[in-house]
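Just below is one structure, and these are the notes that go with it.
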Amino acid sequence: MERYQITIINRDAVFSCKAGQSLLGGVVSQRQKAIDVGCRGGGCGVCKIRIISGDYESKKMSIKHVSADELAEGLALSCRIFPNSDMVIEALD
Amino acid sequence: MRKGVMRPGHIQIRVLDIEEALKHYRDLIGLIEVDRDDVGRVYLKGWTEVDKFSIVLREADEPGMDFVSYKVIDNAALDRLEQDLRDYGAEVTEIPAGELKGCGRRIRFKAPTGHNLELFAEKEQTGKWGLTDRNPEAWPRNLTGMRATRFDHCLLYGDDLEGNVKLFTEVLGFDLAEQVLDPEGNKAAVFFSCSSKAHDVAFIGHPEKDKFHHASFWLDNWQDVLRAADLISMTDTPLDIGPTRHGLTHGQTIYFFDPSGNRSEVFCGGDYHYPDHPTVTWDTGELGKAIFYHTREINERFLTVLT
């Protein structure tokens with residue numbers, strides 16, 4: 001199965017995601033703590049990141065935590081981002 | 001003093017995708033889908049509930065709770081409560097009968113914690129699902145998932161708990177069954193009952209208004225809670241915590257998330273409450289045990305992850 005390498009630039013962390021797995025799912029499956037884990041459904045805003053590069057698909061997330069403008073700028077909730085290539089992201093607090 | 005509020009009637013929950021939400025509430029928790037309306041809302045209930053529905057799902061861009069409604073004994077009590085709310089200073093909105101299919105006139109008002117609350121007296125009664133009310137069998141045989149029996153209560157987060165105590169106890173006639181106090185005597189959590197249940201609604205103090213922590217569904221016993229835990233794993237559903245027991249209410253419980261990040265609970269057991277019972281108090285110094293009786297450790301996610 002295809003695996004993509006994900007680099008979190010501000011955490012000095014690298015992990016991998018299987019095709020079809022969310023960024024946050026990849027973090028959790030490798031027992032990493034680089035991104036905080038919340039509801040895992042795009043609702044609580046805890047796992048917010050900035051996408052620096054890479055191809056991905058996204059699922060709907062709460063507009064309260066990621067506005068349409070923010071989404072266009074590459075902000076997202078990592079539980080709703082599904083990589084289609086290697087990616088570089090930044091964890092947000 | 002009781003004023004005719006009987007029980008939680010229904011809760012309307014916002015979800016990001018209605019069909020994904022149905023896989024959670026209908027197929028996993030095992031609620032019965034009973035109706036849909038022309039604005040796309042889906043109505044569900046636990047199989048033991050006599051009224052037509054208790055859960056309404058609405059697709060939206062932001063998950064959370066739209067409102068929670070309590071059923072009162074009759075229209076006279078509803079009229080008295082409406083006047084009492086106006087005298088107390090609440091801004092009361094009338095929602096006409098039929099706005100929710102099968103539900104009578106509702107009155108809506110805001111809690112000091114910012115939540116939309118409602119009262120109503122009439123709802124179509126379709127009976128326990130799959131059973132008759134004459135010589136009924138013990139349970140219907142074609143239930144799914146966790147086979148949750150009813151919507152039991154919700155837990156909400158907001159800022160003005162003292163204001164909610166005044167509203168719920170003095171105006172709506174609930175009892176303060178249980179509370180958490182800090183060393184200065186300030187309230188950190190309040191649990192209200194309008195029945196003989198340990199809680200019909202609960203609030204935890206939080207700086208932001210109008211936050212939703214969870215909707216809770218009743219199971220019959222601990223084995224059913226463990227079976228729910230198995231189903232959570234089988235379906236790869238995000239787990240929050242459990243199976244475990246709470247100190248507060250002493251319920252046996254498991255928490256998990258719907259596909260939009262709203263938290264769900266299924267639970268069984270725990271305490272009961274009568275109107276003459278004194279308020280049970282937990283100290284914030286014992287908060288770990290109050291929330292999770294076995295590990296006695298506070299889980300940061302349980303306190304801070306909200307919709």
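- Of all the heavy atoms in A:G43 and B:P63, the pair that sits closest is CA-CG, 3.5 Å.
- Exactly one of B:L306, B:T304, B:V305 qualifies for a side-chain contact (heavy atoms from CB on, under 4.5 Å) with A:V46. That residue is B:V305.
- A distance-only check finds a donor-acceptor pair linking the side chain of A:K60 to the backbone of B:A60 [under 3.5 Å].
- Taking B:D240 as the reference, B:Y255, B:F257, B:R263, B:N299, B:R301, B:F302 meet the side chain to side chain contact (heavy atoms under 4.5 Å, CB included) condition, with sequence neighbours excluded.
- Residues of residues 22-36 of chain B never come closer than 4.5 Å to chain A when only heavy atoms are counted.
- Rounded to the nearest 0.5 angstrom, B:N262 CG and A:C44 SG are separated by 10.5 Å.
- For A:V37, the parts lying near chain B are the backbone and the side chain together; criterion is any non-hydrogen pair under 4.5 Å.
- The line from CZ of A:R40 to CG of B:D258 is 12.0 Å long, rounded to the nearest 0.5 Å.
- Using a distance-only test at 3.5 Å, with no hydrogens or angles considered, no donor-acceptor pair links the side chain of A:K64 to the main chain of B:E62.
- Residue-environment remark: CZ (A:R3) exceeds the threshold of 12 foreign heavy atoms within 6.0 Å.
- For chain A, no part of B:E300 is nearby; none of its heavy atoms comes within less than 4.5 Å.
- Looking at B:P238, both its backbone and its side chain come within 4.5 Å of chain A, counting heavy atoms on both sides.
- Residue B:L16 touches chain A through both its backbone and its side chain, counting heavy-atom pairs closer than 4.5 Å.
- Residue B:D236 places its CG atom among 12 or fewer non-hydrogen atoms of other residues, nucleotides or ligands, all under 6.0 Å distant.
- Between the CE atom in A:M61 and the OG atom in B:S260 there is a gap of 12.5 Å [rounded to 0.5 Å].
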